[in-house]
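Positions are given from 1 along the sequence.
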Amino acid sequence: MAVPKRKTSPMKRGFRRSADALKDPSYVEDKESGEFRRPHHIDLKTGMYRGRQVLEAKDKA
């Protein structure tokens, strides 16, 4: 069984755990519709992704 030679200091432990915190999701403004969407995601209202029509647009009804 592997046993650490030295105790991990609280500072080093904190460095390791710094990525565990939850971050707020980022949003970008869509160039065509002006709506906010997640980066690298399809705009669900228009159905566009990277300038191409991927899905059918949602109806207003």
Atom pairs and distances, donor-acceptor, side-chain atoms in residues 7-23, under 3.5 Å, two or more places apart:
unit_1 : atom_1 : unit_2 : atom_2 : d
S9     : OG     : K12    : N      : 3.3
S18    : OG     : F15    : O      : 3.0

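- Considering only residues two or more places apart in sequence or on other chains, L55 meets the side-chain contact (heavy atoms from CB on, under 4.5 Å) condition with I42, L44.
- Here the shortest heavy-atom pairing between S26 and P39 reads O-CD, 3.3 Å.
- Residues E35 and E29 form no side-chain contact, since every pair of their non-hydrogen atoms from C-beta on lies 4.5 Å or further apart.
- In this structure, M1 shares a hydrophobic cluster with no other residue, the cluster being traced through Ile, Leu, Val, Met, Phe, Trp and Tyr side chains under 4.5 angstrom apart.
- Under the rule for a side-chain contact (heavy atoms from CB on, under 4.5 Å), the partners of R38 that lie at least two apart in sequence or sit in another chain are P25, Y27, H41.
- By the side-chain contact (heavy atoms from CB on, under 4.5 Å) test, P4 is found to be paired with no residue, residues two or more places apart in sequence or in another chain being considered.
- Pairs of residues two or more places apart, or lying in two chains, that qualify as side-chain hydrogen bond (donor to acceptor under 3.5 Å, both in side chains) and include a residue from residues 46-56 are D43-T46.
- Residues near V28 contribute nothing to a hydrophobic cluster around it, because no ILVMFWY side-chain heavy atom sits closer than 4.5 Å to its side chain.
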